[in-house]
Each structure stands twice: as structure tokens, then as C-alpha cells.
Amino acid sequence: MDDQDQDLVDVDPHDPGDGSLPAYRWRQAGAGLATRRQLPEMGLRPGGQGPVARIECRCGKRFAWLYRIDLAKPKFAITLAKEAAPDKAMAARQTCPAPAAGAVSTASRSRP
């Protein structure tokens, strides 16, 4: 090996740290860790903490970051305005007139 090859380091561009985060196999992570999708199911959010590990599946081709549950913060409470927003959108869709039976949408026409 050349002296030049000894200086090369394999770097993961998705690793936020120096490459020292532990990687677990599918269903092998510790009990105190959860993914970003699992935290909201527990009523939590990462709360500014960085990932502490990653879990890999499909032979390392896919992965998810793992966060500490004890450092996670509660999810934000939904406001009345946000709670009512889907109702307003549904009401707006119901009041829009339906297109005529023989009408052609302008979106489907091609421009010359």
C-alpha cells in the first residue's frame, strides 16, 4: 500500500458526526432508542437532539436515524386554527360547483 492510500478514510456523507455513530441491524436497537416515525406515535418529537445511532435494513442499503427517548420532548399541542383547517378545506371543496358534463378542462388542453 502507498503512503497516500493510508491517509484515505471512508466517510458516510449522511453521518452527522465523525463516523463514530453505532449502526444496528433491523430490530436490534436498544430499548431507549426510537426512529423519527416512532417518536410521534409515543407523543414525542426529537426536540433538537441529533441522532445517536442508526438502524440498517436491506443489507445496509436503507437506514433510519435513532434518537434517545429520554431526551425527546412532547409534541406541540394542536391549535384550534389548525384543528379547524381540514374542516374549512372540506367545506370549500363541497361548495365548489361540479364541471358541466361536456366541459373540457383547460388543464388538459395542450398549448400550440
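Owing to the predicted nature of the structure, the values given are computational and were not obtained by experimental measurement.
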Using distance only, find each side-chain donor-acceptor pair of residues 70-79 under 3.5 Å and give its atom names and separation, not counting sequence neighbours.
from, atom 1, to, atom 2, distance (Å)
Asp70, OD1, Arg68, NE, 3.1
Asp70, OD1, Arg68, NH2, 3.4
Asp70, OD2, Arg68, NH2, 2.7
Thr79, OG1, Lys82, N, 3.2

- Message: Any heavy-atom pair between the side chains of Arg54 and Leu66 that's under 4.5 Å?
- Response: no

Name every donor-acceptor pair, under 3.5 Å, that has one atom in a side chain of residues 21-34 and the other anywhere in the protein, sequence neighbours excluded.
none

- Message: Could you check whether any side-chain heavy atom of Arg45 comes within less than 4.5 Å of a side-chain heavy atom of Pro40, counting everything from C-beta outward?
- Response: no

- Message: Is there a path of hydrophobic side-chain contacts, each under 4.5 Å between heavy atoms, that joins Tyr67 and Val52?
- Response: no

- What distance separates Ile55 CD1 from Gln38 CD, expressed to the nearest 0.5 Å? 7.5 Å

- Note on the structure: Minimal heavy-atom distance between Trp65 and Pro51, with the atoms involved, is CB-CB, 3.7 Å

